Amino acid sequence: MENKIKIVFATGNGHKLAEINEISKDSGIEFVLPPDGFNPDETGATFEENSYIKAVEAAKLSGNIALADDSGLCVEALNGEPGIHSARYADTPQERISKLLKNLTPYGNRKAKFVCAMTLVDEFGNLLNKEIGECHGEIAKVQSGVNGFGYDPIFTVNGYNVTMADMSEDLKNSISHRSVALNKMITYIQQNLL
């Protein structure tokens, strides 16, 4: 593809950027980190609102089209917790996992889903497109696997007998909430911006 477009991906997380670029390779799109100083206040009440806040901040800082995602784990028995607070549920990734497993102890229902809301804005912060991706599964009783990050070691995807952290990167990238939302977004970008 001769046309290549650079889009700022609103994150400070290098892991996430690498995952996004891996999913979108051969799409004609290259995602790059926002300039230094990117640190938006995520004050939204939903994944969609936080995603929009991050996209606008990245667009204004960079003067470029920006894509943001806000994602998290929603556990049915815990009324959707940790939800938008997934990354701030406790201080470290391991503490977040331990807290979640402890809070889930009294419940038999272990159904959960990862949700990813993506927002694409132009360089002025005007909304171009938004997409949602979901990945359904349940919370495992014990941690397993070393791939991925966040809650991946305790999330078993429906139809697979392993946690997300036990999956190969290719498999995870083909079924994850982020890849579902991103693939819809890539289609929009290719049809409208390339």
Side-chain angles (χ1 to χ4, degrees), residues 1-73 82-97 114-133 146-153 164-165 169 172-173 176-190 192-194:
M1 220 177 258
E2 298 94 59
N3 287 352
K4 199 150 173 94
I5 185 171
K6 266 193 189 179
I7 293 179
V8 173
F9 186 67
T11 186
N13 183 334
H15 266 304
K16 207 187 259 192
L17 181 73
E19 191 178 292
I20 290 284
N21 274 317
E22 181 58 32
I23 295 167
S24 63
K25 68 176 184 243
D26 307 324
S27 67
I29 306 161
E30 183 191 350
F31 293 102
V32 297
L33 288 173
D36 288 347
F38 175 72
N39 189 17
D41 250 346
E42 295 180 40
T43 52
T46 63
F47 293 122
E48 292 87 345
E49 287 174 16
N50 281 334
S51 173
Y52 179 69
I53 289 166
K54 289 191 267 192
V56 169
E57 171 90 1
K60 287 186 175 162
L61 261 180
S62 65
N64 198 1
I65 294 173
L67 176 68
D69 87 323
D70 195 54
S71 51
L73 179 65
I84 61 167
H85 305 293
S86 291
R88 304 180 290 277
Y89 200 49
D91 291 337
T92 67
Q94 187 53 56
E95 285 173 18
R96 291 192 274 276
I97 286 173
F114 272 119
V115 177
C116 174
M118 285 198 169
T119 308
L120 184 71
V121 299
D122 68 15
E123 61 271 36
F124 307 107
N126 299 310
L127 180 67
L128 294 173
N129 191 34
K130 54 186 182 176
E131 299 290 353
I132 295 275
V146 293
N147 299 328
F149 54 93
Y151 298 94
D152 290 356
M164 239 178 197
E169 204 161 298
K172 180 188 167 184
N173 286 345
S176 76
H177 53 303
R178 192 165 290 118
S179 72
V180 170
L182 182 61
N183 283 317
K184 291 191 244 181
M185 192 61 84
I186 286 169
T187 301
Y188 172 85
I189 293 167
Q190 288 173 329
N192 296 278
L193 301 174
L194 274 181

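Source: prediction; values computed, not measured.
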| Heavy atoms from other residues, nucleotides or ligands near CD of Glu169 exceed 12 (cutoff 6.0 Å) | no

| note | Correct closest heavy-atom pair for Ala55 and Ala68 would be N-CB, 3.4 Å

| So, Lys25 and Glu22, do they make that salt bridge, N to O below 4.0 Å? | yes

| field | Side-chain donor/acceptor of Ser71 to backbone N/O of Cys116, under 3.5 Å | value | no

| Ile84 to Arg88 - nearest heavy-atom pair and separation | O-NH2, 3.3 Å

| field | Contact check, side chains of Phe9 and Leu182, non-hydrogen atoms, under 4.5 Å | value | no

| task | Count the heavy atoms belonging to other residues, nucleotides or ligands that lie under 6.0 Å from NZ of Lys60, then report whether that count exceeds 12. | result | no

| query | Does Asp152 reach the side chain of Asn147, with side-chain heavy atoms less than 4.5 Å apart? | reply | no

| Spacing of Leu17 atom CG and Leu33 atom CG [to the nearest 0.5 Å] | 4.5 Å

| field | For Ala90 against Arg96, the heavy-atom pair lying closest together | value | O-NH1, 2.8 Å

| query | Is a side-chain donor or acceptor of Tyr52 paired with a backbone partner of Gly44 at a separation under 3.5 angstrom? | reply | no

| Do Glu48 and Lys130 sit within salt-bridge range, that is, some charged N less than 4.0 Å from a carboxylate O? | no

| remark: Applied to residues 30-44, the side chain to side chain donor-acceptor pair (under 3.5 Å) test, sequence neighbours excluded, yields none

| query | Is there side-chain contact between Met185 and Asp69, with at least one heavy-atom pair below 4.5 Å? | reply | no

| Can any side-chain N or O of Asn126 pair as donor or acceptor with the backbone N or O of Asp122 at less than 3.5 Å? | no

| field | Val115 side chain reached by His177 side chain, heavy atoms, under 4.5 Å | value | no

| N/O donor-acceptor pair under 3.5 Å between Ser86 side chain and Leu73 backbone | yes

| CG on Asn21 to CD1 on Ile23, rounded to 0.5 Å | 9.5 Å

| task | Take Leu120 and Leu193 through the side chain to side chain contact (heavy atoms under 4.5 Å, CB included) test and state the conclusion after the steps. | result | CA-CA 11 Å; Leu120 184 71; Leu193 301 174; 3.9 Å; yes

| message | Restricting to non-hydrogen atoms, name the atom on Val180 and the atom on Ile132 that form the minimum distance, rounded to 0.1 Å. | response | CG1-O, 4.4 Å

| query | Under 3.5 Å, side chain of Asn50 to main-chain N/O of Phe47, donor-acceptor pair present? | reply | no

| Residue pair Ser27 / Gln190: nearest heavy atoms and the distance that separates them | O-NE2, 2.9 Å

| field | Beyond-backbone contact of Val121 with Leu128, side-chain heavy atoms, under 4.5 angstrom | value | no

| message | If I take atom CG from residue Asn64 and atom CD1 from residue Ile5, how far apart are they, to the nearest 0.5 angstrom? | response | 7.5 Å

| note | When every non-hydrogen atom of Pro34 is compared with those of Ala10, the smallest separation belongs to CG-CA, 4.3 Å

| query | Hey, does Lys54 have a side-chain heavy atom less than 4.5 Å from the side chain of Phe38? | reply | yes

| Side chains of Thr11 and Phe31: closer than 4.5 Å at any heavy-atom pair? | no

| task | Check for a donor-acceptor pair, side chain of Ser51 on one end and backbone N or O of Ala117 on the other, with a separation under 3.5 Å. | result | yes

| query | Any side-chain heavy-atom pair from Lys172 and Glu19 closer than 4.5 angstrom? | reply | yes

